[in-house]
Enquirer: 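Before we start, here is the structure in question, set down as structure tokens.
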Amino acid sequence: MEIASKYDPRAIEEKWYQFWLDKKLFHSEPDHRVPYTVVIPPPNVTGVLHMGHMLNNTIQDVLVRRARMQGKNACWVPGTDHASIATEAKVVKMLAEKGIDKRSLTREDFLKHAWEWKEQYGGIILKQLRKLGASCDWDRTAFTMDDIRYESVIRVFNDLYNKGLIYRGVRMVNWDPQALTAVSDEEVIYKESHGKLFYLRYYVEGEDKYIVVATTRPETIMGDTAVCVHPEDERYSWLKGKRVIVPGVGRVVPIIMDEYVDREFGTGALKITPAHDINDYNLGMKYGLESIDIFNDNGTLNDNGGKYVGMDRFACRKAIMKDLEEAGLVEKTEDYTNKVGHSERTDAVIEPKLSAQWFLKMEGLAKKALEVVENDTIRFHPAKFKNTYRHWLENIKDWCISRQLWWGHRIPAWYLDVNGKVETIVAMNEEEARKVAAEKYGYTGALRQDEDVLDTWFSSWLWPISLFDGIRHPDNEEIKYYYPTADLITAPDIIFFWIARMIMAGEEFRDEIPFHNVYFTGIVRDKLGRKMSKQLGNSPDPIDLIEKYGADGVRMGMLLTAPAGNDLPFDEAICEQGRNFSNKMWNALRLVSGWQVTGDCGVQSAEMAETPNSNDVAVQWMEQRMAQVIEEIEHDFEQYRLSEALMATYKLVWDDFCSWYLEMVKPAYGTPIDRATYDATINIFSRLMLLLHPFMPFVTEEIWHTLQGIGKSDEQQQFIAQNYSIMNQHMPQSVFYDQRMLDEFDTAREVIAGVRNIRNTRNLSPKEVLEVSYITNDDRYRVGRFEGIIRKLANVSKVEAVSEKPTGALSFMIGTAEYFVPMSQNVDKEAELKKLQEDLKYAEGFLASVLKKLSNEKFVSGAPAAVIEKERNKQRDAETKIAALKAQIEALG
RNA sequence: GGGAGUAUAGCUCAGCUGGUUCAGAGCGCCUGCCUUACAAGCAGGAGGUCACUGGUUCGAUCCCUGUUACUCCCACCA
């Protein structure tokens with residue numbers, strides 16, 4: 001059969017993915033096997049695939065495919081996240097483009113639009129994952145707002161409320177004036193921004209003196225209810241007990257003294273606005289100050305804003321400064337750089353705001369979650385993230401779980417007025433709430449449900465449990481089988497949002513950890529080290545990359561530069577390496593599939609009837625080498641060093657198999673190969689494909705299939721094509737291997753390299769047959785059973801041990817052995833001499849350093865015997881080598 | 001301001017309990033080759049004061065002190 005010399009991934013990848021789907025090879029049901037469960041970090045339902053997803057999901061797929069081939073029941077559950085703020089923002093924008101204002105819609109209408117949007121654009125990202133080769137169990141695809149997950153969330157809310165862990169309270173929250181919702185501390189990004197520091201004059205009541213207060217936010221003076229100085233600040237001791245007038249506002253407020261104030265900053269005097277600054281709020285609580293809220297939810301001034309009512313906060317800042325300037329109340333203005341909180345989702349400047357929100361108590365949950373990571377019940381890879389984790393959990397604050405949005409799980413709390421008092425009922429649904437209202441309060445009127453929805457993470461923290469319906473049915477077969485999951489693969493930036501909280505949920509609702517290992521991926525950056533972002537436009541479209549290099553190529557490119565926890569500077573060029581590798585294997589397949597076997601119909605060759613010894617050795621050696629590398633690979637996987645495992649496999653296939661093994665056994669053009677070697681080669685090649693399959697699923701399936709079909713009848717081939725998959729094969733395991741044989745090969749390889757080197761420097765054709773002889777008394781450096789292979793690969797007619805140096809030969813050394821290649825033409829004595837003298841100089845320097853060590857009294861008495869023995873061996877070898885070199889130089893000269 | 005991490009070849013990184021797996025890998029680079037599987041290839045080669053400084057030790061890329069540079073996380077300095 002004719003095979004193209006270039007591998008074309010496109011058709012092949014599509015074919016096999018469909019095949020895997022048709023055969024339901026990704027699907028998992030509980031059975032007798034050991035489970036291996038991975039839950040996908042659910043991407044935003046309306047998101048599109050970016051490089052971070054590519055990395056993350058490639059790693060998951062590698063682990064899942066490997067586990068599957070190790071005979072485990074691998075289950076990788078996909079799904080998407082409803083992403084409250086992000087999705088609602090997108091829908092609002094979409095509606096606005098159609099000329100529809102969200103505020104003109106009822107909640108129900110808005111949600112209808114949102115669901116439509118979700119149906120239309122949702123899940124694109126999951127389709128994209130298929131192109132990557134992700135072996136997810138698509139039958140299990142979930143959504144954080146589907147029926148099971150929705151009910152789970154509501155149930156959990158009820159449960160925690162009944163346990164007294166959820167409460168409602170008025171707190172200072174991070175308010176996003178654009179999205180009109182509270183956001184959690186973790187969703188606030190502090191950015192450096194250039195602003196001004198304004199120095200304002202606060203006159204003392206009834207006196208002509210004033211003190212100067214520095215502020216970055218003069219617009220909040222309408223909410224000032226005190227001025228604070230340090231109690232030990234002598235500059236201000238005269239102010240004790242006095243009151244000052246807020247400039248421009250005229251309100252008289254007290255001077256308070258508290259050590260909170262930093263005397264070095266500004267003027268050492270601080271204005272206190274309890275409603276609009278978290279610290280001021282705390283001080284306000286401490287001193288019983290009035291709290292005056294001056295902002296509307298959208299960041300404009302409210303009725304407390306005096307003449308600035310309705311003005312935006314930033315416009316107000318300008319206006320108010322102009323007015324104060326004119327009134328002579330401004331001392332000076334300085335440029336100032338500080339960090340300002342921005343909303344992660346909308347980028348709006350966060351406004352600290354007092355509001356009624358729902359909170360989840362963290363103390364008890366955090367304690368357990370910390371414990372299981374501290375004692376390595378859950379292992380982090382790399383472990384350095386334990387520090388970050390610990391620090392957060394030890395300083396954790398209660399989790400604000402309510403959001404002022406519509407898209408999400410609506411808080412299952414209903415309010416009713418009883419005797420002028422508002423009572424709260426938390427229930428599974430309105431019907432139940434009514435029952436409670438009737439029973440508890442004898443109330444049958446209308447109930448008002450809380451308007452807010454829950455923080456998105458309040459559903460994702462249940463993900464490993466809710467995916468198997470373990471909240472609603474804690475004893476069902478699936479949750480009992482699949483939970484706890486094995487490995488979680490995610491980016492470190494959601495360690496608090498998600499990882500910590502999943503651990504809490506696991507402990508709280510299953511009394512068990514949610515996963516055994518957390519593998520932190522790096523952040524994908526461009527080759528200049530910048531984060532990939534839409535703004536910079538430096539993020540390649542993963543789908544384009546797959547088109548260009550094949551999914552296998554891209555997967556390999558990502559993995560090669562992605563050690564756990566390290567950021568990876570992504571360079572498209574590295575996908576090329578992956579593509580080239582596919583092509584290399586493809587061509588190895590072309591070679592092997594073109595071989596004719598002795599004894600097969602139509603092939604007659606008496607000489608080749610038996611397996612040549614060199615082929616026997618080649619097969620044996622390749623088996624040893626594979627066993628050795630498999631051991632390495634297993635070790636790498638244990639430590640989650642995927643890039644190293646891949647590199648080891650890459651070198652095994654390319655260097656050992658293609659460059660060495662195939663060259664060893666390759667028959668001369670037009671001649672057949674013996675049956676035993678042929679079968680062994682197919683077998684070895686097939687097992688290499690198994691090893692590589694988790695990393696490069698498509699090309700390995702294609703090659704493996706072709707190999708299985710080789711030499712079979714059309715009918716058999718058909719059967720294999722339709723009924724077998726590399727995915728069902730068992731991953732090769734490490735076995736005992738003969739280290740001595742591997743060492744012997746190293747010598748053989750050096751001989752071959754030595755001869756090739758001579759050809760290269762002397763410009764000799766590879767076709768010119770040479771001879772090799774050598775002198776040694778050290779068995780380590782004899783050619784041994786690799787002689788036939790050396791003859792073939794170095795193209796020499798004989799390799800023989802001699803006792804005398806041949807004349808007119810070029811030489812090289814392997815260890816202490818001298819190897820010679822006799823030359824028919826004259827040898828360039830000058831060049832030879834120069835090379836030998838350089839070698840001699842190096843060897844003598846080496847010997848000197850060894851002798852120095854050995855003559856050191858303290859070394860000999862202090863170092864372990866084994867180390868000293870090694871040094872003595874070094875000495876002996878070096879001496880032998882020097883003697884040989886000297887003799888050669890003499891012979892030449 | 002607090003904490004963590006990193007520094008090894010031109011680039012990206014390995015280097016486990018200090019001593020020939022100790023100076024490594026891949027890519028890149030240089031030289032020569034279209035050698036009947038593959039130029040997306042083959043063969044060969046060059047490249048490093050292991051950031052700097054002291055110390056511990058018979059011996060330090062590795063352990064300790066300090067310095068410098070970069071990265072990340074956390075935090076309420078108006």
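By convention in this document, chain letters (A, B, ...) are assigned in the order of the sequence lines, proteins followed by strands, and residues within each chain are numbered from 1.
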Enquirer: With respect to the side chain of Leu591(A), which nucleotide from A37(B), G19(B), A43(B) is positioned closest?
Expert: A37(B)

Enquirer: Please state how far atom NZ in Lys767(A) lies from atom C1' in U35(B), giving the value in whole angstrom units.
Expert: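 Result: 6 Å.
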
Enquirer: Roughly how many Å apart are A14(B) and C74(B), using the P atom of each and rounding to a whole number?
Expert: 24 Å

Enquirer: Using only side-chain N and O atoms of Tyr650(A), determine if any of them is under 4.0 Å from OP1 or OP2 of C27(B).
Expert: yes

Enquirer: Looking only at the side chain of Asn587(A) (C-beta and beyond, no hydrogens), which of the listed nucleotides G41(B), C77(B), C38(B) gets closest?
Expert: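 Nearest nucleotide to the side chain: C38(B).
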
Enquirer: Checking all strands, does Val592(A) fall into the base, sugar-phosphate, or nothing category for heavy-atom contacts under 4.0 angstrom?
Expert: nothing

Enquirer: Applying the salt bridge (Lys or Arg N to Asp or Glu O under 4.0 Å) test to Asp877(A), which of Lys870(A), Arg780(A), Arg872(A) qualifies?
Expert: Arg780(A)

Enquirer: May I ask you to say what Cys228(A) touches in the nucleic acid, namely base, sugar-phosphate or nothing, with a heavy-atom cut-off under 4.0 Å?
Expert: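 No contact.
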
Enquirer: The side chain of Lys6(A) lies closest to which of these nucleotides: G41(B), G19(B), A39(B)?
Expert: A39(B)

Enquirer: Taking the six-membered ring for Trp, are Phe385(A) and Tyr389(A) ring centroids under 6.0 Å apart?
Expert: no

Enquirer: Donor-acceptor pair, distance only, cut-off 3.5 Å: does the side chain of Asp224(A) make one with the backbone of Thr273(A)?
Expert: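 No; zero donor-acceptor contacts below 3.5 Å.
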
Enquirer: Mind calculating the distance between OH (Tyr190(A)) and C1' (C77(B)) to the nearest angstrom?
Expert: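 Going from Tyr190(A) (OH) to C77(B) (C1'), I get 12 Å.
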
Enquirer: Quick check for you: among A40(B), A25(B), C42(B), whose closest atom lies nearest to any side-chain atom of Arg579(A)?
Expert: A40(B)

Enquirer: Are Lys339(A) and Tyr190(A) in a cation-pi contact, defined as NZ or CZ under 6.0 Å from the six-membered ring centre and within 45° of the axis?
Expert: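 Relative to the ring axis of Tyr190(A), which defines the angle, Lys339(A) lies outside at least one limit.
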
Enquirer: For nucleotides U6(B) and A43(B), find the distance between their P atoms and express it as a whole number of Å.
Expert: 37 Å

Enquirer: Looking at C76(B), A43(B), G32(B), which one has an atom nearest to any side-chain atom of Asn763(A)?
Expert: G32(B)

Enquirer: Could you give the CZ-to-P distance, from Arg390(A) to A4(B), as a whole number of Å?
Expert: 10 Å

Enquirer: Under 3.5 Å, side chain of Trp586(A) to main-chain N/O of Ala4(A), donor-acceptor pair present?
Expert: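 Yes; at least one donor-acceptor contact below 3.5 Å.
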
Enquirer: Work out how far the C1' atom of U56(B) is from that of C62(B), and round it to whole angstrom.
Expert: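 My reading of the C1' atoms in U56(B) and C62(B) gives 14 Å.
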
Enquirer: Do the side chain of Tyr260(A) and the base of C76(B) come within less than 3.5 angstrom through a donor-acceptor pair of N or O atoms?
Expert: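 When only heavy-atom distances are counted, Tyr260(A) does reach the base of C76(B) through a donor-acceptor pair under 3.5 Å.
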
Enquirer: Consider the side chain of Thr388(A), meaning its heavy atoms from C-beta on, and name the nucleotide among C73(B), A37(B), A40(B) that approaches it most closely.
Expert: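 Nearest to the side-chain atoms of Thr388(A), counting from C-beta on, is C73(B).
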
Enquirer: Short of 4.0 Å, heavy atom to strand atom, which residues of residues 748-761 of chain A count as contacting RNA chain B?
Expert: Ala753(A), Arg756(A), Asn757(A), Asn760(A)

Enquirer: Within a radius of less than 6.0 Å around CZ of Arg379(A), do more than 12 heavy atoms belonging to other residues, nucleotides or ligands occur?
Expert: no

Enquirer: Give me the distance, rounded to whole Å, that separates U17(B) from A7(B) when you measure between the P atoms they each carry.
Expert: 15 Å

Enquirer: In this structure, how many angstroms lie between the P atom of A37(B) and the CG atom of Leu688(A), rounded?
Expert: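 Distance, rounded to whole Å: 19 Å.
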
Enquirer: Given A78(B), is OP1 or OP2 found less than 4.0 Å from the side-chain N or O atoms of Asn338(A)?
Expert: yes

Enquirer: A37(B), A78(B), G15(B): which one has an atom nearest the side-chain heavy atoms of Lys666(A)?
Expert: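 Nearest to the side-chain atoms of Lys666(A), counting from C-beta on, is A37(B).
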
Enquirer: My understanding is that only residues two or more places apart in sequence, or in another chain, count here; which of them pass salt bridge (Lys or Arg N to Asp or Glu O under 4.0 Å) with Lys792(A)?
Expert: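 Salt bridge (Lys or Arg N to Asp or Glu O under 4.0 Å) check on Lys792(A) returns nothing, list empty.
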
Enquirer: Let's test your reading of the model: under 3.5 Å, does the base of A37(B) pair with the side chain of Glu663(A) as donor and acceptor?
Expert: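 Checked by distance alone, the answer is yes.
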
Enquirer: Which whole number of Å gives the distance between the P atom of G28(B) and that of G41(B)?
Expert: 9 Å

Enquirer: Look at Trp654(A) and C27(B) and indicate whether a side-chain polar atom (N or O) is within less than 4.0 Å of OP1 or OP2.
Expert: no

Enquirer: For nucleotides C73(B) and G15(B), find the distance between their P atoms and express it as a whole number of Å.
Expert: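 Result for the P pair: 24 Å, nearest Å.
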
Enquirer: Find the distance Leu652(A):CG to G26(B):P and express it as a whole number of Å.
Expert: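 Spelled out: CG on Leu652(A) to P on G26(B) is 14 Å.
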
Enquirer: Measure CD/Gln577(A) against C1'/A25(B) and give the value in whole Å, please.
Expert: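 Atom CD in Gln577(A) sits about 11 Å away from atom C1' in A25(B).
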
Enquirer: Can you tell which of U36(B), C77(B), A37(B) lies closest to the side chain of Tyr669(A)?
Expert: U36(B)

Enquirer: Examine G19(B): is either OP1 or OP2 under 4.0 Å from a nitrogen or oxygen in the side chain of Lys874(A)? Give yes or no.
Expert: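 No.
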
Enquirer: Between Trp586(A) and Trp660(A), just flag the one whose closest nucleotide in RNA chain B comes earlier from the 5' side.
Expert: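 Nearest nucleotide further toward 5': that of Trp586(A).
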
Enquirer: Phosphate oxygens OP1/OP2 of A43(B): is one of them under 4.0 Å from a side-chain N or O of Arg762(A)?
Expert: no

Enquirer: From the list C74(B), A37(B), A78(B), which nucleotide is the closest neighbour of the side chain of His391(A)?
Expert: C74(B)

Enquirer: Taking CG from Leu764(A) and P from A43(B), how many angstroms apart are they, rounded to a whole number?
Expert: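 Taking CG of Leu764(A) and P of A43(B), I get 18 Å after rounding.
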
Enquirer: Using the C1' atom on both, measure C70(B) against C76(B) and round to a whole Å.
Expert: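 Looking at atom C1' only, C70(B) and C76(B) are 28 Å apart.
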
Enquirer: Quick one: are Tyr7(A) and Leu589(A) in side-chain contact, heavy atoms under 4.5 Å?
Expert: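 SC-SC contact between Tyr7(A) and Leu589(A) ruled out.
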
Enquirer: Indicate the ring-plane relationship of Trp392(A) and Phe496(A), choosing parallel, tilted or perpendicular according to the 30° and 60° boundaries.
Expert: parallel

Enquirer: In plain terms, say whether Lys666(A) and Glu663(A) are close enough for a salt bridge, that is, a side-chain N and a carboxylate O under 4.0 Å apart.
Expert: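 Judged by the 4.0 Å cut-off on N to carboxylate O distance, Lys666(A) and Glu663(A) do form a salt bridge.
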
Enquirer: Under the 5.5 Å and 30° test, is Phe265(A) stacked on the base of C77(B)?
Expert: no

Enquirer: By nearest heavy atom, map Asn395(A) and Arg217(A) onto RNA chain B; which one lands nearer the 5' end?
Expert: Asn395(A)

Enquirer: Reckon Phe198(A) touches a base, only the sugar-phosphate, or nothing at all at heavy-atom distances under 4.0 Å?
Expert: nothing

Enquirer: Only stems of 3 or more consecutive Watson-Crick or G-U pairs count here, both distances under 3.5 Å; name the ones for RNA chain B, or none.
Expert: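 Output for stems: B:1-7 with B:68-74, B:10-13 with B:24-27, B:29-33 with B:41-45.
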
Enquirer: Measuring only the C1' atom in each nucleotide, how far is G24(B) from U67(B)? A whole number of Å is fine.
Expert: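 Result for the C1' pair: 29 Å, nearest Å.
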
Enquirer: Need the glycosidic conformation of G47(B): syn if within 90° of 0, anti if not. Which one?
Expert: syn

Enquirer: When the distance from CZ of Phe570(A) to C1' of C13(B) is rounded to whole Å, what number comes out?
Expert: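 To the nearest whole Å, that distance equals 17 Å.
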
Enquirer: Could you tell me which non-hydrogen atom of Asn583(A) sits nearest to which non-hydrogen atom of Lys6(A), and how far apart they are?
Expert: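 The answer is OD1-CA, 3.5 Å.
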
Enquirer: Regarding Asn387(A), tell me which of base, sugar-phosphate or nothing describes its non-hydrogen contacts under 4.0 Å with the strands shown.
Expert: sugar-phosphate

Enquirer: Specify whether Phe581(A) and Trp654(A) have parallel, tilted or perpendicular ring planes, treating 30° as the upper limit for parallel and 60° as the lower limit for perpendicular.
Expert: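 Ring orientation, 0 to 90° scale: parallel.
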
Enquirer: Using a 6.0 Å cut-off, check whether atom CZ of Arg10(A) has over 12 heavy atoms from anything other than its own residue.
Expert: no

Enquirer: Mind checking whether Phe695(A) and Phe637(A) have parallel, tilted or perpendicular rings, split at 30° and 60°?
Expert: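 Answer is tilted, since the angle falls between 30° and 60°.
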
Enquirer: Counting only side-chain heavy atoms from C-beta out, which of A78(B), G41(B), G15(B) sits nearest to Arg641(A)?
Expert: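 So the nucleotide nearest the side chain must be G15(B).
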
